[in-house]
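Structure record follows, encoded as structure tokens.
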Amino acid sequence: MAQSMTDGDMNSGLVAVFLENRPSLLRFLHARGAGDAAEDLLQDIWIKVSAGISGPVAEPIPYLYRIASNLVLDRNRAERRRQRRQRDWGRPDGGSPVISAPTCGERTVLAREELDLINARLLELGERTYRIFCRFRIDGSPQSDIAAEFGISLSAVEKHLQKAYRALLDLRRRLNAE
Amino acid sequence: MTDRNDKRADAAIAWLLRLRNGSSEAWVEFTAWLEADPRHRIAYEEVEQMDLVLDKLTMPKPQATQRDYEVWSANGLTRRALVGWGTAAAIAASVAAVATWPRQRLYEVQTAAGERRTVKLADGSRIELNGATRLLLDRRTARLAMIAEGEAYFRIARDAAHPFTLDAGNAQVRVLGTAFNLIRSGGEVDVAVSEGAISLDLPGRSTTLKTGMSARSADGVVTVSKTSIEEIGSWRERRLVYSSASYTRIAADLSRNSGVKLRAAGDVADRRFSGVIMVPRDSRELVQRVPPLLGVEARRSGEEWVLTSSRAPL
């Protein structure tokens, strides 16, 4: 029986999926460390979903999990910023001097420097790894497309990406080493 | 760093990759993995933070090239960018971006092509930067540096208790008190020791280089050889000394030393040259005098000079 779907139908479909998966999403939020904020974040997802902002969603469940994951990420970032502000500007009585935060100009320079370091590091991994990384992370190509394009297996693509990400993680650790 | 810590990091990366276009099963399994051990969550958060910075990567502005590349920037807008793999700086920075990797201790020293600069560190060490070079130094210690790109000659003060570490990506250098030259460019690293000894860590190979020895890491291959000490860091006297060096490399060196953008065209890139090239101070002289030494011609192409086979006489 053919049915044509209106925007309202699609929206209510997503809402239905959300309600069905509410317990799993809550469990996921807790697993991501949302703690007491988990219920609030779940509410935020509900608001986004019922507002019907998104168009048709091919994979509703992964879509909802992705929203949940991003909400936790945003919350953690805000929390870290708050802590950093306290550390940068708070002066403990008679305590040791705080290293001054970089200025806007310095941070721009640091940002450019950082991206140069990332670029240099990726280049060292070899042309194929570099290109596969760019296809995946910058172009947003799915791994299956990349495998087809390069004529290699999916697991070979995974290995290249794993290698690239690992190299960048190590770079980040070296930059942040205390 | 323990092995288990490494395994968790690798697992976290695998999850990040898998979840990018993940199925509902993937997310459910991911939840179970997070629940299995609190350290899994911490490992994942670290990887996620690292990944955030990568959002700022975009493809560069169009340049004269070889390949057509359709590109989606981080904002999802299509841009037709023309990119050649041979050009080293293929990922450009968005200048308005702000670093999310907190690094308040590090500061940058950099030179434009053709420029030189000497940095003196608190412990008496001296670093001479060649052109087109970027170095990161640490406010809190003179015993740590990172070279992102370019060439520098290091004269490191002796301190047996505190080795000096130079991070050059693939290559990690550790010295007690030594003089050496290092180039990091286009995924390749060249190190040569003129005084003392260095410990050099490269993927798959750790080696000690003593006075008069050099190592080159290119395309996953490491070659160690003897070098004449007078030749090490000779760029400081505007002398480039080569033993079977590729023209691609020589073009990069000449660009760095002069501020003239030079590139070796496909037909000459793999030729080899042995000998000494004096780098003239005057860029016109450079473009006139050096190509004939290499048996090539320099032809202007936009902002670059391209080294290519000499035209056959009519």
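Here is how names work: the chains are called A, B, and so on, in the same order as the sequence lines, proteins then strands, and each is numbered from 1. Computed from heavy atoms alone, side chains included, the values below leave out hydrogens, waters and symmetry copies.
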Name the region of [X], side chain, backbone, both or neither, that has any atom closer than 4.5 Å to a heavy atom of chain A.
X	answer
B:R41	side chain
B:S23	backbone
B:A218	neither

Heavy-atom pairs under 4.5 Å with chain A: which of B:L34, B:N170, B:N21, B:I13 has the most?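 If we count pairs closer than 4.5 Å to chain A, B:N170 comes out on top.
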
Pairwise distance CZ(B:R184) to CG(A:L117) - rounded to 0.5 angstrom: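 Here the interatomic distance stands at 6.5 Å.
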
pair [X]-[Y]: side-chain heavy atoms closer than 4.5 Å:
X	Y	value
A:L64	B:W27	no
A:E124	B:L202	no
B:L19	A:R66	yes
A:R173	B:E46	yes

Please classify the contact between [X] and chain B as side chain, backbone, both or neither, with a heavy-atom cut-off of under 4.5 Å.
X	value
A:R80	side chain
A:N21	neither
A:E59	neither

Give the intermediate values and the outcome of side chain to side chain contact (heavy atoms under 4.5 Å, CB included) for residues A:L168 and B:V53. CA-CA 10 Å; A:L168 296 182; B:V53 174; over 6 Å; no

Given A:F133 and B:L54, is the side chain to side chain contact (heavy atoms under 4.5 Å, CB included) satisfied, shown in steps? CA-CA 11 Å; A:F133 173 84; B:L54 303 179; 3.9 Å; yes

How about A:R172 and B:Q49: does a side-chain donor come under 3.5 Å of a side-chain acceptor?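 Absent: no donor and acceptor within the cut-off.
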
If you compare all heavy atoms of B:A148 against all heavy atoms of A:A120, which two are closest, and at what distance to 0.1 Å?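 Heavy-atom minimum between the residues: O-CB, 3.5 Å.
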
Donor-acceptor pairs under 3.5 Å, side chain of residues 24-38 of chain A to any protein atom, not counting sequence neighbours: which ones?
from, atom 1, to, atom 2, distance (Å)
A:R27, NE, B:E35, OE1, 3.3
A:R27, NE, B:E35, OE2, 2.8
A:R27, NH2, B:E35, OE1, 2.7
A:R32, NH1, A:S69, OG, 2.9
A:R32, NH1, B:E48, OE2, 3.2
A:R32, NH2, B:E48, OE1, 2.7
A:R32, NH2, B:E48, OE2, 3.4

Examine distances only and state if a side-chain atom of A:Q162 and a backbone atom of B:D10 form a donor-acceptor pair shorter than 3.5 Å. yes

Counting only N and O atoms by type, is there a donor-acceptor contact under 3.5 Å from the side chain of A:R137 to the main-chain atoms of B:D51?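 Yes, the answer is positive, given that a donor and an acceptor are paired below the 3.5 Å cut-off.
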
Could you walk me through whether B:L144 and A:R174 satisfy the side chain to side chain contact (heavy atoms under 4.5 Å, CB included) test, starting with their C-alpha distance in whole Å, then the side-chain angles of each, then the deciding distance to 0.1 Å, before giving a yes or no? CA-CA 11 Å; B:L144 179 63; A:R174 282 200 300 274; over 6 Å; no

